[in-house]
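Numbering of ligands and ligand atoms starts at 1, following listing order. All values reported here derive from a predicted model rather than from experimental measurement.
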Amino acid sequence: MTVIKVHLDKRSYPVVIGTNTLHRLGRLAKKQISQGRVFIIYDAQVFALYSESLNAVFDELGVDVIETNLPEGERAKSDRVARRLYEWLITNQVSRDDFILACGGGVTSDLTGYVAATILRGVSWGVASTTLLGMVDAAIGGKTGINHRKGKNLVGAFWQPSFVVCDMGFLPTLSHRQMLAGMGETVKYAGLIGETMIGVVKRHLASEDMYNSMTLSRLVRMSVRYKASIVSQDEREERRRMVLNLGHTFAHALEHAVGYGKLLHGETVILGLYAAAELSCLLKPARVKNLVAYKTILRRLIAMLPRRKVQKERLLEAMALDKKRTGQKLKFVLLDRPGKPFITSDVPMELIEKSADKMLKVYSSEGGSVASNSGY
Ligand code: GLY
């Protein structure tokens with residue numbers, strides 16, 4: 001079991017990474033309450049796999065549990081589902097002595113955290129993260145929220161959990177696409193951390209088994225260590241935390257251009273990272289040699305993405321909309337080389353277009369096969 005701490009003074013908390021974590025999870029939740037109950041919000045799939053055994057653990061610990069589950073997918077991150085959860089909590093007379101536990105991936109933790117932040121002006125909460133994307137990114141750092149019809153995560157709050165538990169035993173239950181989406185955020189961390197993590201990603205891909213638990217658990221630990229350190233330095237994304245948006249300017253526009261739900265967020269991050277690497281090279285050709293290995297990894301992942309129609313015009317329109325909304329120039333996180341990210345708004349439109357072109361060309365020529373569950 002590895003424990004990595006997010007340091008935020010009195011709101012510091014552990015991220016526990018391991019297998020067979022049920023009892024640890026139960027004890028962590030029990031520690032948060034003196035006489036309260038635990039309200040568990042499950043992802044639908046996780047509910048079927050997990051609720052019986054988790055209930056048995058809480059039973060043993062003498063903790064009262066009330067549970068519910070969510071509709072599948074990104075559509076759960078809505079005002080409608082949040083309202084349903086408020087109803088459920090209020091009907092069950094939730095109080096600030098209680099504790100709310102999210103069991104699922106990024107959608108479940110984003111939504112649960114938001115509901116926990118807003119009910120009774122804030123009830124403590126924790127996460128049992130069950131997807132690769134949740135473990136390496138979404139569950140950590142207290143960004144919570146729901147989507148609005150005008151865009152993703154437009155309504156939300158920073159509300160740090162009291163703990164995050166990442167049980168690696170869940171990963172073999174994920175579909176190929178969920179794993180690929182998780183690899184999108186994981187490879188983002190490889191770009192931010194540099195050569196050591198790129199080496200582990202290469203070994204992971206070479207093993208031809210995307211569920212390879214040895215390399216996966218190293219990748220999760222490396223990503224969590226990096227994210228915990230960044231959040232500890234800049235909780236509210238005033239400076240340093242912005243680097244975690246590597247690849248995301250393109251990725252968010254892609255999600256919009258392709259149509260929400262057609263590609264998973266992490267899948268668009270793979271394409272966004274490729275476009276960001278191309279843009280880094282276009283801005284300074286001396287970077288080409290620094291980013292060869294990184295682009296090779298991304299091309300390998302792009303080759304596994306499901307094929308979707310992307311119109312370049314719609315992509316650029318979505319980027320322009322983003323610019324209009326923030327009232328600023330578009331901001332990009334780019335790479336001088338792996339491990340050396342930088343932030344810039346000083347990017348000519350023609351180079352943005354050119355990098356989008358290059359990414360779309362690779363996607364249309366190499367993307368398009370959803371491989372079987374067995375490997376890369
Ligand atoms: N997912 C990026 C962040 O938490 O800042």
>> Using ring centroids (six-membered ring only for Trp), state whether Trp88 and Phe39 fall under 6.0 Å.
In response: yes
Please tabulate, one line per pair, the protein N or O atoms found under 3.5 Å from any N or O atom of ligand 1, giving the distance to one decimal.
{"from": "ligand 1", "atom 1": "1 (N)", "to": "Asp137", "atom 2": "OD2", "distance (Å)": "2.8"}
{"from": "ligand 1", "atom 1": "4 (O)", "to": "Lys227", "atom 2": "NZ", "distance (Å)": "2.6"}
{"from": "ligand 1", "atom 1": "4 (O)", "to": "Arg241", "atom 2": "NH2", "distance (Å)": "2.7"}
{"from": "ligand 1", "atom 1": "5 (O)", "to": "Lys143", "atom 2": "NZ", "distance (Å)": "3.0"}
{"from": "ligand 1", "atom 1": "5 (O)", "to": "Arg241", "atom 2": "NE", "distance (Å)": "2.8"}
{"from": "ligand 1", "atom 1": "5 (O)", "to": "Arg241", "atom 2": "NH2", "distance (Å)": "3.3"}

Identify every side-chain donor-acceptor pair in residues 13-23 under 3.5 Å, counting partners at least two apart or on other chains, and give the distances.
{"from": "Tyr13", "atom 1": "OH", "to": "Gly141", "atom 2": "N", "distance (Å)": "3.0"}
{"from": "Tyr13", "atom 1": "OH", "to": "Gln160", "atom 2": "OE1", "distance (Å)": "2.6"}
{"from": "Thr21", "atom 1": "OG1", "to": "Asp167", "atom 2": "OD2", "distance (Å)": "2.6"}

> Any idea how Tyr42 and Tyr50 line up, ring-wise: parallel (<30°), tilted (30 to 60°), or perpendicular (>60°)?
Replying inline: perpendicular
> Who passes side-chain hydrogen bond (donor to acceptor under 3.5 Å, both in side chains) against Asp98, sequence neighbours left out?
Replying inline: Arg37
> With a 6.0 Å cut-off on ring centres, are Phe99 and Phe163 close enough?
Replying inline: yes
> With sequence neighbours left out, what residues match Asp357 under side-chain hydrogen bond (donor to acceptor under 3.5 Å, both in side chains)?
Replying inline: Lys312
